Amino acid sequence: MRVEYARTNGFAGVSVTYLEAIREAQAHLLREDERVFIYGQDIAGKFGGAFKATKGLAEQFPGRVLNTPISEDAMVGTAIGAAMEGMRPIVEMQFADFSSVALNQILNNAGTQFWRTQIPCPITVRLPSGGTKGSGPFHSQSMEAIYSHYPGLVVVAPATVEDAYTMLIDAVAIDDPVIYCEHKYLYYHLKANALPKDRLPIGKARVVRPGRDLSIVTYSAMVHEALAVAKDFSAKGIEIEVIDLRTIKPLDTDTVLASVARTGRLLCVGEAFPWGGVTAEVITRVATEGFHLLDAAPARLNAKDTPIPYHPNLWAEHRPNAKSIAAKARQILAE
Amino acid sequence: MRVEYARTNGFAGVSVTYLEAIREAQAHLLREDERVFIYGQDIAGKFGGAFKATKGLAEQFPGRVLNTPISEDAMVGTAIGAAMEGMRPIVEMQFADFSSVALNQILNNAGTQFWRTQIPCPITVRLPSGGTKGSGPFHSQSMEAIYSHYPGLVVVAPATVEDAYTMLIDAVAIDDPVIYCEHKYLYYHLKANALPKDRLPIGKARVVRPGRDLSIVTYSAMVHEALAVAKDFSAKGIEIEVIDLRTIKPLDTDTVLASVARTGRLLCVGEAFPWGGVTAEVITRVATEGFHLLDAAPARLNAKDTPIPYHPNLWAEHRPNAKSIAAKARQILAE
Amino acid sequence: MLQTAQRESKSKAAPPHERYLEAYRWMLVARVLEEKLASLYRGGMITGGVYLGRGQEAISAACGIFLQKGDVFAPLIRDQAGRSAFGEPLLDVMRTYLGSRQGPMRGRDGNIHRGRPKDNQLAMISHLGAMIPVMVGKLLAKRMKGEKGFVGLTTIGEGGMQTGASHEGLNIAAVERVPLVVVATNNHFAYSTPNDRQFACADLVDRAKGYGYEGSSVDGTDLTACLEVIGAAVQRARAGRPPQLVVASILRLAGHGEHDDASYVPTEVKKELFARDALELAEKLIAEKGLGGDDYLKKTRAEIAAEVEEAIATAQGEDAPVGSDENWCALSTRELMDSLA
Amino acid sequence: MLQTAQRESKSKAAPPHERYLEAYRWMLVARVLEEKLASLYRGGMITGGVYLGRGQEAISAACGIFLQKGDVFAPLIRDQAGRSAFGEPLLDVMRTYLGSRQGPMRGRDGNIHRGRPKDNQLAMISHLGAMIPVMVGKLLAKRMKGEKGFVGLTTIGEGGMQTGASHEGLNIAAVERVPLVVVATNNHFAYSTPNDRQFACADLVDRAKGYGYEGSSVDGTDLTACLEVIGAAVQRARAGRPPQLVVASILRLAGHGEHDDASYVPTEVKKELFARDALELAEKLIAEKGLGGDDYLKKTRAEIAAEVEEAIATAQGEDAPVGSDENWCALSTRELMDSLA
Ligand SMILES: Cc1ncc(C[n+]2csc(CCOP(=O)(O)OP(=O)(O)O)c2C)c(N)n1
Ligand SMILES: Cc1ncc(C[n+]2csc(CCOP(=O)(O)OP(=O)(O)O)c2C)c(N)n1
Ligand SMILES: [Mg+2]
Ligand SMILES: [Mg+2]
């Protein structure tokens, strides 16, 4: 599907949030591609979703933005069947955390469909992910590692307004199942001046800030924590290079290795649980494929190994933040 | 719960298989601890389970080995409720692969229960795991990485008859949820002369073969492939140290680091999918905590990044084996 | 907190149900408490979501009031009346919402996710339907331990009934024939979703037969009916009958949460009989019959308001949890916690 | 393969259903084929499990026979008759079981997991119930694309009906009002588990009402009844009625798989009416009425045996897949495959 990015840009000039970019991308897709429909809980009518990511779309595109029962497994199963029939369904999970009850359809049905039958399974599952104040153990999770561990899925996690827009459009264009992890914390916090005119494709990481002393490899909301740290250190003459992975699977190993080749030092930061997951995968790739590029031991920083706490005081300690990232960075630079 | 291992050893002298050890451990538990019951599909009656892991137990312990409907989510949910009430349920999944539909209860309910409420949740979920000839995409999976990624669970994967026995008894004694990954390939292939009289606790890895040139860190069925390679190399004067992790979470980092300190070289082998998972976690720990112990880049070997094929010819290529492990080992030793 | 509701009603006129005034009081406790929560929320004093049971108080009070010591209650998000009737201190509620470190969840979870499993009040996880099999396990274990005469009661919404978890839980309860009462409230909306996008059967009580349950329907705006129907279901379950499914009909008289203005609810729907306010109807009846004596309504409301204010004052005087003091340990077996660098 | 069953029956005596002989022939195709599979399995010629539909042929044939081009079929593990009637070549079966690289799954999956989604015969995953919503999606998409007059038919066992997946799938089908027929076979065992540990309702057809389905029951040993009841259900779905649930009753006349001797089936159960062999009953009727003319039964069996032998010979002559030739790519977008060292 050829896409003219932001051809239909209603935002040039005025500012657009990460959430609005997701809505605009879906409006664009519904407009440009009749195979696209959106399936999820509370997404239709005037309501437009728990986070308003589909606000107005049901009226604008009758019959193509459909409310579902509280049946995540069936939502994804239905999307798989529709995709096999040539449609391009987008499934909105109300929270990433609830995809746990759709996991079987995602891993064992969508993820195996093409390999088993050679029929592509172009579904896009939107996961409102990550922590926000007061959301607690079941409305804060980041599940990208679980979906990346199994074969047959593409997993993305946009960290910017521009990527939120172009990567969702590209996700739907891909003939394979894509898990689109959108970060709830960025919904309103993040603004851009306009929708992008072009884009970096899915599968490519981005050097969001160049540096020579340390590479911080991260993704999603943590990119912005890392950038704050980099800015801070720069004032003291230490230049941190910040890599936004953008795509969790396939991981852009080359861009990561090239960065470590420049800096010799690596810190991986993620908001998910610490055992395994994205940070372990990145460090493993550098250790196995770029061992001799490292001048010091690589390090990782993740959330704590407990459920995600409700209370803001506890949550602030549970997830990595600029303060804890800076502390880790200092350790590595001291080595 | 104090346990006299094999006090009730019906096997001294005669040989006992890995599967029999699992059955004997359950017989022992049912005999010694009235809080224990077993819950699963087709485990009761004369039938005794798809793999016969509970053969005879229903008759021997009336009302304590219960067949369930085909409802994995409810099986685990029911076990959680019973555990909160002071029981020690063992849930048998017919295949690990089907725990995908119980994943929510395992991760979000069992895994968070104690942290949220301070009420312990001592359930043991038995997962018949791993590949066997002709089993295909949905009867061959190894899910330990997914369960280890989330907080609140202990995950074990015995590789020997002795560990199958003692670790299951210890798993049920632990006040927390334990995911017990038993390997179907070892059920009949693996024999010992008797049930063990004592044991290494959960949480400790074992050096199953000492060596000075390379550490192969692995677990479950792959331990035996690694041992075959080590034996082979030893004939050529190369001494490979083989570490059996035994417990996936908590991972025994100290034993792994001590081995790499001796050998300076590391190969991690697992049967699961390659992205993330146990091998990435082990390499990450060595790279971050034992960087300077490494004389060469560490390496990993896993299954391929596709669903697990049915046909024996394809399956043989999909999983690691002595041949592919030996090839990787040679590479590392050549560095 | 004064458990004043336990006191005998002193009215001369006979109430329509022997526990009518007691139940009404729990309805009022919930209403007064939740109105306070709403204003605290609007005042920015509460972090996270606030989910209210407005309109569901008669059903919920009837759920809590017939449970005895040794019974198990697994409430959901609109069960303040039942929670209070089952014995939850107001202070638990306020400590949880106001973020006191002394709350039952100690800041680890919030709002309606609170519970006291030690006292047989389960702490729900968010995933709808997940608590049904947990309740089954509690009841199964009690039977295995030789306990007798107990029941379990859990609640669910018409939306939650469409989850696979609730199906498996409802079915396994019948297979195990545990003494379970499931009270399903069809409040005509699941968040913003109306019934026609949730299920296609004429009446959810039709599901009872398919699970081997005894089913009954009740008008959730009528406290007398709720007490009779839910009371009878609890009695049948206690007597060893199969699991009970009670389907109650009301309209949710609040947003899904306090963040939600519920503007998606059509005005015609608000005119339906099921849209009436059970609390108003109860107070009308109490006034007409003069139950509870002079000024009963005013006095009761004042008492409850005082209890609520007291709970708020206490909770507000307490410290919040502090990250540095937190014991970051997800296992009860501390030595099995993985040491992740 | 000769689709000889398409030919008109030449009998003088009127069959009890116009498609009786045609359906019988598909039953026999399944029986002969599966008897061969069983002996190949015993002879060690087949790797992995072999799951047979013995006893279920009348139901399954009736499932396949009324489906037309453009309809969708999602069979399960005991549907050989339906698969063949729907157009699956015998060669697909033999190539899959005998491990030919030319099989529909090319060695990537085996036995009853085979399918031809391009021809609207879905390839099941093992997780029971998971194919129901997939079927819903196929039907929803066809409607969105403006297709008309199509139906989907899927099958499930009495055990599979207890999964959360089947509940969500059955419910969402009714909410979307897709033209779906669900044929549930209660063969009284789920692997080794009898009904009393699977569900507690009197009859699974009682679930129909709770989902807003039209429900019907049928004696799965009676081919005429299966053709009438399932045929009528397909017709109703095609005519735009709500989804249809047909519950058929039989006994599984084989092990769960050929590895299983089914010694757990009590002898009394084998004496039940539902334990009769539908194929024997059909052949008895054909013989009595003299349907199909002289030697019809013997001739037909011989024809089919020949077709089966031909398929075996072809499959056995073909190469097995080779790991080194395998294209290890789980994505249709090759450039998005992660390069994992
Ligand atoms: C499995 C799952 N999916 C989605 C949600 C998000 N969610 C929370 S409450 C709710 C609506 C519940 O509706 P209903 O069951 O009718 O209860 P009510 O709110 O009307 O009392 C939804 C969709 C959830 N909690 N669990
Ligand atoms: C979710 C799930 N759990 C367990 C299994 C293992 N399993 C395969 S077939 C079967 C029995 C199915 O019984 P039923 O649904 O009655 O169908 P039947 O075999 O009797 O035709 C089981 C338990 C499975 N396939 N899926
Ligand atoms: Mg509702
Ligand atoms: Mg069956």
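So that the names make sense, note that chain A is the first sequence line, chain B the second, and so on, each numbered from 1. This is a predicted model, so every value here is computed, not measured.
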Quiz item: In this structure, are over 12 heavy atoms from other groups packed under 6.0 Å from C/Gln235 atom CD?
Solution: no
Exercise. Specify the closest pair of heavy atoms between B/Trp115 and C/Asn327, including all atoms of both residues, with the distance to one decimal.
Key: NE1-O, 4.3 Å
Quiz prompt | Contact class of B/Leu251 relative to chain C, heavy atoms under 4.5 angstrom | solution = both
Practice problem: Enter the distance from B/Asp252:CG to C/Ser339:OG here, rounded to the nearest 0.5 Å. | Solution: 9.0 Å
Self-check item: chain C contacts, top residue of B/Ala79, B/Pro69, B/Ala82 (heavy-atom pairs, under 4.5 Å)
Solution: B/Ala82
Self-check item: Whether B/Arg116 side chain and C/Arg108 backbone form a donor-acceptor pair below 3.5 Å
Solution: no
Quiz item: Is there a donor-acceptor pair closer than 3.5 Å between any side-chain N or O of B/Glu85 and the backbone N or O of C/Ala141?
Solution: no
Quiz prompt | Top contributor to chain B contacts, counting heavy-atom pairs under 4.5 Å, from C/Met135, C/His113, C/Arg114, C/Lys118 | solution = C/Lys118
Quiz item: At their closest point, which heavy atom of B/Ala74 faces which heavy atom of C/Gly169, and how far apart are they?
Solution: CB-N, 4.1 Å
Practice problem: First locate atom CG of C/Leu340, then atom CD of B/Glu289, and finally report the distance between them rounded to the nearest 0.5 Å. | Solution: 8.5 Å
Quiz prompt | Region of B/Glu34 that comes under 4.5 Å of a non-hydrogen atom in chain C | solution = neither
Quiz item: Name the one of C/Lys145, C/Lys138, C/Lys142 that satisfies side chain to side chain contact (heavy atoms under 4.5 Å, CB included) with B/Met87?
Solution: C/Lys145
Practice problem: Test C/Arg106 against B/Gln118 for side chain to side chain contact (heavy atoms under 4.5 Å, CB included), laying out the working first. | Solution: CA-CA 10 Å; C/Arg106 298 158 353 282; B/Gln118 302 298 291; 2.9 Å; yes
Quiz item: Measuring from B/Ser71:OG to C/Leu170:CG, what's the distance to the nearest 0.5 Å?
Solution: 10.5 Å
Self-check item: Distance, nearest 0.5 Å, that separates CD1 of B/Ile174 from CG of C/Leu331
Solution: 9.0 Å
Quiz prompt | For chain B, the option from C/Asp109, C/Leu336, C/Asn171 that forms the most heavy-atom pairs under 4.5 Å | solution = C/Leu336
Quiz prompt | Sub-4.5 Å side-chain heavy-atom contact between C/Arg116 and B/Thr117 | solution = no
Quiz item: Do side-chain atoms of B/Asp73 reach the backbone of C/Ala165 as a donor and acceptor pair under 3.5 angstrom?
Solution: no
Practice problem: Please name the pair of heavy atoms, one in B/Asn104 and one in C/Ala130, separated by the smallest distance, quoted to 0.1 Å. | Solution: ND2-CB, 4.4 Å
Quiz item: Given B/Thr78 and C/Glu176, is the side chain to side chain contact (heavy atoms under 4.5 Å, CB included) satisfied, shown in steps?
Solution: CA-CA 10 Å; B/Thr78 301; C/Glu176 298 293 2; 5.8 Å; no
Self-check item: For B/Asn109 against C/Ile125, the heavy-atom pair lying closest together
Solution: OD1-CG2, 3.4 Å
Quiz prompt | Candidate pair C/Glu168 and B/Ile70, rule side chain to side chain contact (heavy atoms under 4.5 Å, CB included), full reasoning | solution = CA-CA 9 Å; C/Glu168 293 191 1; B/Ile70 306 176; over 6 Å; no
Quiz prompt | Contact winner vs chain B - C/Met105, C/His167, C/Met144, heavy-atom pairs under 4.5 Å | solution = C/Met144
Exercise. For C/Ile172 and B/Tyr39, work out which heavy atoms get closest and say how close.
Key: CD1-OH, 3.5 Å
Quiz item: Between C/Ile132 and chain B, which part of the residue has a heavy atom less than 4.5 Å away: side chain, backbone, both or neither?
Solution: neither
Quiz item: Could B/Arg285 and C/Asp338 be called an ion pair, given the rule that one side-chain N must be under 4.0 Å from one carboxylate O?
Solution: yes
Exercise. Please state whether the side chain, the backbone, both or neither of B/Ile202 comes within less than 4.5 Å of a heavy atom of chain C.
Key: both
Self-check item: Min side-chain heavy-atom separation B/Gln113-C/Pro117 under 4.5 Å
Solution: yes
Practice problem: Give a yes-or-no answer on whether the side chains of B/Asp175 and C/Thr333 include a donor-acceptor pair shorter than 3.5 Å. | Solution: no
